[in-house]
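Worth saying up front: this structure is predicted, and the values here are computed from it rather than measured. First listed ligand is number 1; within each ligand, the first listed atom is number 1.
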Amino acid sequence: MISMNLKLHPAAVIIVKTLQEAGYEAEIVGGAVRDLLLNLPSYDWDITTNATPEMVEPLFTDSFYDNEYGTVKVAGKHLKEQFKLSEDECDDSMIFDITTYRSESGYTDKRRPDKVVWGKTIEEDLKRRDFTINALALRVNSEEIGEKKLEYDCEIIDPYGGQEDIKSKVIRAVGVPIERFNEDALRIMRAIRLAAQLGFAIETETFVALKATVSNLKEISWERIGAEVMKLLATEHAADGIVLIANTGILEIVIPELIKCRGVMQGGHHTHDVYTHLIESLRGCSSSDPVVRLATLLHDIDKPTVVKAEGPRGVTFHNHEVVGARTAKRIAERLKLPKKDQDKIFTLVRWHMFHYDPRMTDSAIRRFIRRVGVENIHDMIALRIGDRIGSGAKTTSWRLTELQKRIGEQLYEPLSLKDMAVDGADVMKILNIKPSRKVGEILNALFEEIIEDSGKNTKEYLEKRIVELG
Ligand code: ATP
Ligand code: MG
């Protein structure tokens, strides 16, 4: 038994205690334990218990039973009410998963166990988990008020050497690696994502097995693959993660278009082929948003499709941003990203070829912002920063700095129809017309004038123009 000063989530401790008081075993398990030992913040706290869902449910007000996984879910909001927790102790929006010990058998479809069997012991439950660092459980035996704060007397249950692997920064499958990847191919993606997330290496035997089973990924739904790709892109070592999925053959299945960029030379000042340029652009992208990072990774995706041997540089890539925007969107669609993220990726790739010239007028800057969208403009710059670094340049340039400054100035000017001093209702009232195409046409014509000259954005001027245009 060890006493530790771990930052346990108060609500997770309450769940464990409630289950223990009802006569069951309960532990905090999985990613939260791993992150605790790594001194990283944990976002989801999973609890495991020998109580079946039917026994767990009545213990927590407003909990609900998710049949598919044998999990009872409780929201922070309800825990707070039931156990009188303070605002600081528990966030309303958090969801705690309480899952009954499981022992699984038979995976004929390489996706999910043929049947879920309740396990009797925590050791049995840990055995079915993917990697040793995730097969750790923490049992809270008692809590006491220490010198200043609550201290817990905890015990770590670690039958597979997870703590040792955390120390040596290694991802190692629980049990026989090849069997584990054959059971569930999503573990292939999880291994790489975890390596990138934690900056860990994949242990040799695990890595060999992973490589040997990559083709099983074809059995996994695009939703689950897409979710892992996005999680990977959000990690600190995203670019290395993408290199890893390329070198293991995963990229060939997930984004084959990127593989086609290998060996496509770019001429001119470029020293990298398109593929390396894209990887290095991702590494240099200044946004941590995985959607923006994906757009950066894909921004030159169609250079191989449009490449022509001509011109002073030896090669040209005419219109690659036009074709590429469609391809990038298609990839985002394949990875099942929400529609708004697909559209954002399209826009960022479509307009990534912008040039800044100090002679550009303010209205030209406003047109550029309007085309890219106010909501995307900072991300467009983040992509460009990546693009520059990926071409071997410095982070920024006087041109880019000046453009950012000028964009900043224009963000206070009218940039969309809703920023105008008049709206559709005004047009209809003044001209005494019903909703129709004409209303939109007039608004657009007015907006064209305003984007040229923001000084014209007054009710007085615009009302006069409505009468003239009507
Ligand atoms: P994070 O929350 O940082 O994404 P995690 O390890 O907590 O990482 P979850 O998807 O939240 O990942 O899963 C919780 C736990 O469930 C894992 O730590 C692991 O023990 C187990 N687990 C999840 N997916 C699998 C899988 N495909 N095969 C075996 N065990 C799994
Ligand atoms: Mg988790």
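- A distance-only check finds a donor-acceptor pair linking the side chain of Thr100 to the backbone of Ala51 [under 3.5 Å].
- For the residue pair Glu124/Tyr101, the side-chain donor-acceptor check at 3.5 Å is not satisfied.
- Listed by chain and number, Gly30, Gly31, Arg34, Asp44, Asp46, Arg128, Arg129, Asp130, Asn134, Asp184, Arg187, Arg190, Arg193, Gln197, Lys231 each place a non-hydrogen atom less than 4.0 angstrom from ligand 1.
- From Ile407, atom CD1 reaches atom CZ of Arg366 across 13.0 Å, with rounding to the nearest 0.5 Å.
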Stepwise, does the ring pair (Phe, Tyr, Trp, His ring centres under 6.0 Å) test hold for His352 with His320?
CA-CA 10 Å; His352 82 267; His320 75 272; 5.2 Å; yes
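- Taking the six-membered ring where tryptophan is involved, the planes of Phe181 and Phe131 are tilted, since the angle between them lies from 30° to 60°.
- For Arg180 (side chain) and Arg128 (main-chain N/O), a donor-acceptor pair under 3.5 Å exists by modelled atom type.
- Put simply, the side chain of Arg384 never gets that close to the backbone of Leu400: no donor and acceptor are under 3.5 Å apart.
- A donor-acceptor contact under 3.5 angstrom links the side chains of Asn134 and Arg34, judged on distance only.
- When only modelled atom types and interatomic distance are considered, Asp88 and Ser86 share no side-chain donor-acceptor pair under 3.5 Å.
- For the Mg ion (ligand 2), the count of nearby protein N/O/S atoms, taking only those under 2.8 Å, is 1.
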